[in-house]
Chemist: 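Could you have a look at this structure, given as structure tokens, before my questions?
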Amino acid sequence: MKKLINDPDGVVRDALVGIEVAHPDLRVDHENRIIYRREPTRPGKVALISGGGSGHEPLHGGYVGFGMLDAACAGEVFTSPTPDQMVEATKTADSGAGVLHIVKNYTGDVMNFEMAAELAESETGVRVASVVTDDDVAVQDSLYTAGRRGVGVTVLLEKIVGAAAEEGRDLDTLAELATRVNASGRSMGMALTSCIVPAAGKPTFDLPENEMEIGIGIHGEPGRHRVPLAGAREIAEQLVEPILADHDFTGAPAIVLLNGMGGSPLLELYLMYGEVQRILEASGVTVARSLVGNYITSLEMAGCSVTLLRADDELLGLWDAPVATPGLRWGV
Amino acid sequence: MKKLINDPDGVVRDALVGIEVAHPDLRVDHENRIIYRREPTRPGKVALISGGGSGHEPLHGGYVGFGMLDAACAGEVFTSPTPDQMVEATKTADSGAGVLHIVKNYTGDVMNFEMAAELAESETGVRVASVVTDDDVAVQDSLYTAGRRGVGVTVLLEKIVGAAAEEGRDLDTLAELATRVNASGRSMGMALTSCIVPAAGKPTFDLPENEMEIGIGIHGEPGRHRVPLAGAREIAEQLVEPILADHDFTGAPAIVLLNGMGGSPLLELYLMYGEVQRILEASGVTVARSLVGNYITSLEMAGCSVTLLRADDELLGLWDAPVATPGLRWGV
Amino acid sequence: MARTSLTVADLVAWTQRFRDLMVEHRAALTELDSAIGDADHGSNMARGMQSAVEKLEQTAPETVGAWGKSVGMTLVSSVGGASGPLYGTFFLRFGASGGDATELDAAALGAALRAGLEGVLARGKAEPGDKTMIDALGPALDAFDAAVDQGLEAAIAAARDAAAAGRDATEPLQARKGRASYLGERSIGHVDPGATSTAYLFDALATATGSAA
Amino acid sequence: MARTSLTVADLVAWTQRFRDLMVEHRAALTELDSAIGDADHGSNMARGMQSAVEKLEQTAPETVGAWGKSVGMTLVSSVGGASGPLYGTFFLRFGASGGDATELDAAALGAALRAGLEGVLARGKAEPGDKTMIDALGPALDAFDAAVDQGLEAAIAAARDAAAAGRDATEPLQARKGRASYLGERSIGHVDPGATSTAYLFDALATATGSAA
Ligand SMILES: Nc1ncnc2c1ncn2[C@@H]1O[C@H](COP(=O)(O)OP(=O)(O)O)[C@@H](O)[C@H]1O
Ligand SMILES: Nc1ncnc2c1ncn2[C@@H]1O[C@H](COP(=O)(O)OP(=O)(O)O)[C@@H](O)[C@H]1O
Ligand SMILES: [Mg+2]
Ligand SMILES: [Mg+2]
Ligand SMILES: [Mg+2]
Ligand SMILES: [Mg+2]
């Protein structure tokens with residue numbers, strides 16, 4: 001296993017040290033593995049908290065800052081954080097206006113955040129609302145699965161709802177907005193290679209040189225199908241088509257995220273984005289905003305995902321609003 | 001070869017399509033493979049032009065925009081662009097105040113930019129000054145080498161000199177500043193894996209599972225030494241020590257870049273940065289600013305490099321000045 | 001003479017034995033989780049059980065309830081993922097069922113295990129056949145109940161065997177809960193990691209209580 | 001009867017033959033460049049020579065000067081890297097030496113080649129033994145000059161053999177110019193890619209002019 005680490009079981013602990021020293025605008029509670037903004041939540045502002053397994057950087061710690069999150073809880077690699085962490089973050093970040101938990105739809109994340117919300121409300125009286133993101137069309141949302149996974153739309157939601165929170169909107173309004181954003185977004189991902197979970201020490205799955213996985217998530221798990229390796233144009237089709245089949249993205253401005261899984265060079269991500277945008281245009285989708293890069297990753301996995309968000313003037317305005325985090329930054 | 005591409009020989013062409021549609025603030029001349037700011041150079045402002053082989057993204061195209069470059073010429077993967085491209089970019093970006101060429105010290109880049117400067121001046125009368133970056137301490141700067149390579153300091157220089165250009169400083173002043181920045185910076189890199197040049201179709205070098213290369217550049221070339229794989233702390237020492245041995249970084253604020261080579265997850269880069277900063281502090285270096293991420297890459301190579309720049313109040317002020325490019329963005 | 005009840009010390013020994021098995025089989029559990037999950041079940045369980053045992057060593061519980069609360073809370077607060085809340089809830093409910101008791105006879109043990117199962121079902125909303133730890137836990141408790149008349153040790157041994165059989169029976173199933181459900185039909189043909197750790201849980205119970213026969 | 005001069009058509013045939021060799025050995029040249037460089041010499045040369053031949057097909061040159069300018073300018077503007085300016089300069093200077101001539105006898109060819117070499121030296125500032133294309137080019141021209149009394153074909157054949165020998169002789173050298181110099185001692189034991197393409201340049205000249213013996 002070739003990694004820039006000291007100890008496979010201490011990766012998250014050690015990385016948090018680097019995050020703290022690299023970003024003077026952030027503060028890290030190492031005992032609880034929570035990344036906060038340096039300044040406490042402004043009174044009256046609803047606090048946005050998220051968290052999840054580590055290995056998806058810059059998600060979530062890289063989205064703590066003005067215009068996005070107030071705190072992020074870091075779990076072990078690909079393992080959701082614990083309720084204790086979330087309770088601590090909730091209590092600390094609350095300014096009295098309540099806390100919105102942004103949770104990606106995975107069994108572990110949902111259960112841990114649920115327990116945290118119960119504990120936080122009962123122990124401290126902090127008002128907690130939650131939104132669970134589930135935008136991954138690779139998974140059937142049915143009784144026979146754990147439901148669609150939360151992937152790329154989580155980034156867009158943290159940005160948009162984060163901007164609305166800075167405006168001073170209240171908890172219920174933000175929860176409603178978050179639900180609307182999630183319902184308007186869809187994603188689909190693919191992998192050329194597996195990643196290596198440090199504590200596991202070897203690739204999660206083996207993928208022959210002439211094959212790729214379609215319909216992967218962000219935890220290095222295998223996808224829905226294994227298919228022959230194809231060119232970028234064909235891959236773009238395999239990602240965009242299921243998204244467009246699942247939701248109508250015509251007749252409204254769309255925000256598009258072409259996301260790298262962590263191990264693909266930016267050169268290739270741009271190339272993929274060119275292909276994606278071409279298909280979208282041909283399908284009558286109006287791309288109003290776009291983001292190309294590594295925003296929600298799966299360690300060193302090579303591959304990419306596409307996220308589409310059906311927007312409107314309000315969402316575009318919130319998207320364009322100032323943001324200052326390590327992972328997304330504009331307007332300030 | 002597992003890549004998100006259509007045709008190994010058309011990678012740069014196709015990626016430029018994606019760069020153009022992803023960034024409405026940029027304009028791409030596809031015939032000449034030049035990335036410009038959308039708006040022409042403001043009269044009186046010196047134009048900053050750089051360029052080099054592709055595969056180092058976001059360098060250089062991702063640094064075109066307010067506060068950094070005015071144009072970037074994209075060569076084939078790891079192959080410097082041609083004089084024609086540079087002449088065209090020079091003529092187009094010049095507002096009358098002259099053009100600064102920012103050239104990384106590689107035989108090909110230097111020769112092609114030299115020919116371009118000669119042609120541009122003789123054909124058009126545009127005033128051209130050049131700075132050649134050579135910050136890589138892995139290479140002995142002697143008669144027996146092509147001289148130190150230009151690596152990480154190029155990013156810092158484009159930012160700092162770009163800010164000075166926005167202030168309206170003249171060509172000679174900027175060339176002098178650029179020379180000073182280059183002389184104050186040092187870098188050192190390492191690789192855990194080789195990258196794959198698309199047109200070559202296989203890894204440039206083979207690196208056994210238990211070894212790493214120390215002293216690599218950014219072209220997938222092997223390094224100075226092949227040594228046993230080590231932990232992050234030891235790797236950090238192997239990168240920082242030669243830098244501190246080559247130049248005095250105490251007694252002045254330092255800007256530090258912990259750069260990923262493209263294939264290492266951000267989690268690991270943060271972890272490495274924690275180790276680097278610890279060593280710097282123990283060595284009496286005061287870190288005033290830092291940057292952690294993939295800023296000057298070598299396709300999907302796993303590994304990282306460290307760049308230190310000895311700064312002062314002026315350089316810090318220019319560093320903090322607003323910048324709005326795809327690759328670096330703050331203050332606007 | 002066959003034992004007829006478990007003391008708190010027995011429960012602690014069970015915890016330690018389970019910890020030993022999780023550490024010993026850490027890589028194998030992660031390997032199973034690689035096939036249909038995210039390659040962390042082994043490190044999750046080893047980390048959690050290690051913490052649980054350390055906690056018990058710091059503060060020795062005096063009642064079944066205190067033991068269950070200590071182990072359950074430690075798992076909840078040190079594991080994360082799906083297994084943290086699920087195993088955590090199992091031990092918390094087990095403890096709540098035992099309450100202030102300092103010993104559990106066969107019937108009380110059966111009731112406590114059943115309370116644990118109910119907790120896992122309530123928390124995870126999985127059903128039998130969904131290819132989860134439930135598919136080892138459910139059969140184990142049914143076998144326990146069916147054998148309880150033969151005495152505590154026999155019931156534990158029966159539970160252990162049924163858990164192992166339940167674990168094996170997850171192999172042909174298509175997952176409908178947890179991460180493995182994302183794989184659809186590709187989850188078929190792999191043993192569930194959580195059912196495997198649960199089979200070890202009953203193995204540990206049998207060994208720690210000398211019910212190995 | 002042995003030929004005593006080259007026409008512009010011969011120069012065009014030489015260009016085509018060099019292109020063929022670059023395309024044919026593209027992967028091998030890139031392989032050499034992988035060992036001590038950045039894995040692009042094969043694609044650089046194949047791309048450049050392909051463009052050069054296309055340009056000649058669009059506009060047939062009538063003089064040695066026009067031919068050299070066409071090939072040289074096309075290389076400069078389509079290759080990039082180190083080999084673009086170096087090979088480009090070689091052909092530009094070769095052409096300038098030939099000027100308006102439509103034929104080159106042995107002495108004139110020798111002078112043109114020498115002008116090309118001087119251009120490469122001026123542009124790249126390499127010295128003999130630095131492990132570059134110079135180490136094939138220099139010996140080739142010396143051999144050409146030494147054999148020029150035996151006639152054009154003999155001189156070309158001698159140059160071809162010396163270029164190949166010069167290429168082979170780069171293997172034990174430590175590089176002091178270009179990318180390979182970054183490797184220090186690790187550059188020892190590998191044949192230089194640029195010297196290899198230069199050996200093909202003279203191979204092409206020999207074949208295209210029927211001087212193969
Ligand atoms: N809803 C559920 N109910 C019961 N058990 C579940 C449920 N979801 C997952 N599991 C169990 O959890 C195991 C995975 O645990 P683990 O790998 O530690 O967590 P994660 O899936 O979060 O990575 C699965 O093998 C399965 O047995
Ligand atoms: N200064 C120089 N003078 C002469 N030849 C050189 C010089 N530098 C490099 N070369 C030649 O160029 C070859 C490499 O060409 P190429 O791979 O196309 O360019 P790059 O090194 O820019 O990738 C080397 O093998 C060497 O023969
Ligand atoms: Mg997990
Ligand atoms: Mg090159
Ligand atoms: Mg798991
Ligand atoms: Mg090369």
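Proteins get letters first, then strands, A, B, ... in listed order; numbering begins at 1 in each.
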Chemist: If only side-chain N and O atoms count, and only distance matters, is there a donor-acceptor pair under 3.5 Å linking A:Asn182 with A:Asp134?
Modeler: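 Checked: A:Asp134/A:Asn182 side chains pair up, N/O donor to acceptor below 3.5 Å.
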Chemist: Need one label for C:Ser77: side chain, backbone, both or neither, based on atoms under 4.5 Å from any heavy atom in chain A.
Modeler: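 When you check distances to chain A, atoms from both the backbone and side chain of C:Ser77 fall under 4.5 Å.
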Chemist: Answer with side chain, backbone, both or neither: which region of A:Asp136 has an atom nearer than 4.5 Å to a non-hydrogen atom of chain C?
Modeler: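 Answer is neither: A:Asp136 stays 4.5 Å or more from chain C.
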Chemist: Which residue out of C:Gly184, C:Ala180, C:Gly124, C:Gly178 racks up the most heavy-atom pairs below 4.5 Å with chain A?
Modeler: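 Of the options given, most contacts go to C:Gly178.
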Chemist: What part of C:Ala175 is in contact with chain A, defined as an atom under 4.5 angstrom from a non-hydrogen atom: side chain, backbone, both or neither?
Modeler: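 For C:Ala175, backbone heavy atoms alone lie under 4.5 Å from chain A.
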Chemist: Between C:Arg186 and chain A, which part of the residue has a heavy atom less than 4.5 Å away: side chain, backbone, both or neither?
Modeler: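 Contact with chain A is through the side chain of C:Arg186 alone.
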Chemist: Please check if any side-chain donor atom of A:Thr154 sits under 3.5 Å from a side-chain acceptor atom of A:Glu158, or the reverse.
Modeler: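 There is no such pair (donor and acceptor under 3.5 Å, judged by atom type) between the side chains of A:Thr154 and A:Glu158.
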Chemist: Among C:Gly84, C:Gly37, C:Ser43, which has the most heavy-atom pairs under 4.5 Å with chain A?
Modeler: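 Among C:Gly84, C:Gly37, C:Ser43, the one with the most close pairs to chain A is C:Gly37.
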Chemist: Check this for me, if you would: do C:Arg123 and A:Glu118 make a salt bridge, where the nitrogen-to-carboxylate-oxygen distance has to be below 4.0 angstrom?
Modeler: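 Yes, charged N to carboxylate O under 4.0 Å.
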Chemist: Are a donor atom and an acceptor atom from the side chains of C:Thr15 and C:Trp67 found within less than 3.5 Å of each other?
Modeler: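 Per modelled atom types, C:Thr15 and C:Trp67 side chains form a pair under 3.5 Å.
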Chemist: Is it the side chain or the backbone of A:Pro81 that comes within 4.5 Å of chain C heavy atoms, both, or neither?
Modeler: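 Backbone only.
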Chemist: Please classify the contact of A:Val110 with chain C as side chain, backbone, both or neither, using a heavy-atom distance under 4.5 Å.
Modeler: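 For A:Val110, no heavy atom lies under 4.5 Å from chain C.
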Chemist: Take the angle between the ring planes of C:Tyr87 and C:Phe18 and call it parallel below 30°, perpendicular above 60°, tilted in between.
Modeler: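 C:Tyr87 vs C:Phe18 ring planes: tilted.
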Chemist: Counting heavy-atom pairs under 4.5 Å to chain C, which of A:Glu221, A:Met115, A:Glu114 comes out on top?
Modeler: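 Highest number of pairs under 4.5 Å: A:Met115.
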Chemist: Which bit of C:Ser83 comes within less than 4.5 Å of chain A, counting heavy atoms only: side chain, backbone, both or neither?
Modeler: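 Interface part for C:Ser83: neither.
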Chemist: Please classify the contact between C:Glu31 and chain A as side chain, backbone, both or neither, with a heavy-atom cut-off of under 4.5 Å.
Modeler: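 It is the side chain, since no backbone atom gets that close.
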Chemist: Using non-hydrogen atoms and a 4.5 Å limit, figure out which bit of A:Asn105 sits close to chain C: side chain, backbone, both or neither.
Modeler: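 Contact with chain C: backbone only.
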Chemist: Could you tell me whether C:Arg17 and C:Glu24 have a side-chain N and a carboxylate O separated by less than 4.0 Å?
Modeler: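 Result for this pair is no, no salt bridge flagged.
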Chemist: Are any of the side-chain nitrogens in A:Glu213 or A:Arg224 under 4.0 Å away from the carboxylate oxygens of its partner?
Modeler: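 Answer for the salt bridge query: no.
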Chemist: Just give me the residue among C:Ser78, C:Gly42, C:Ala82 that pairs up with chain A most often, heavy atom to heavy atom, under 4.5 Å.
Modeler: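 Highest number of pairs under 4.5 Å: C:Ala82.
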Chemist: What residue in A:Val77, A:Asp9, A:Asp109 has the most heavy-atom pairs under 4.5 Å with chain C?
Modeler: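 Heavy-atom pair counts peak at A:Asp9.
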Chemist: Which residue out of A:Gly75, A:Gly220, A:Pro83 racks up the most heavy-atom pairs below 4.5 Å with chain C?
Modeler: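 Sorted descending by pairs with chain C, the first entry is A:Pro83.
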Chemist: Are C:Asp161 and C:Arg167 close enough for a salt bridge, meaning some N to O gap below 4.0 Å?
Modeler: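 Result for this pair is no, no salt bridge flagged.
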Chemist: Please flag which part of C:Ala35 lies under 4.5 Å from any non-hydrogen atom of chain A: side chain, backbone, both or neither.
Modeler: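 Backbone only.
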Chemist: Taking the six-membered ring of C:Tyr182, is the NZ or CZ of A:Arg149 close enough (under 6.0 Å from the centre) and on axis enough (within 45°)?
Modeler: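 Yes, cation above the ring, under 6.0 Å and within 45°.
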Chemist: Look at C:Thr89, C:Asp130, C:Thr30, C:Asn44 and state which one has the largest set of heavy-atom pairs under 4.5 Å with chain A.
Modeler: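 Among the listed options, the one with the most contacts to chain A is C:Asn44.
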Chemist: Under a plain distance cut-off of 3.5 Å, with no hydrogens placed, do A:Thr90 and A:His101 share a side-chain donor-acceptor pair?
Modeler: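 Present: a donor and an acceptor within the cut-off.
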Chemist: What part of A:Tyr106 gets within 4.5 angstrom of chain C, counting heavy atoms only: side chain, backbone, both, or neither?
Modeler: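 Contact with chain C: backbone and side chain both.
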Chemist: Over 60° means perpendicular and under 30° means parallel, so tell me whether A:His56 and A:His219 are parallel, tilted or perpendicular.
Modeler: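 Because their plane-to-plane angle is over 60°, the rings of A:His56 and A:His219 count as perpendicular.
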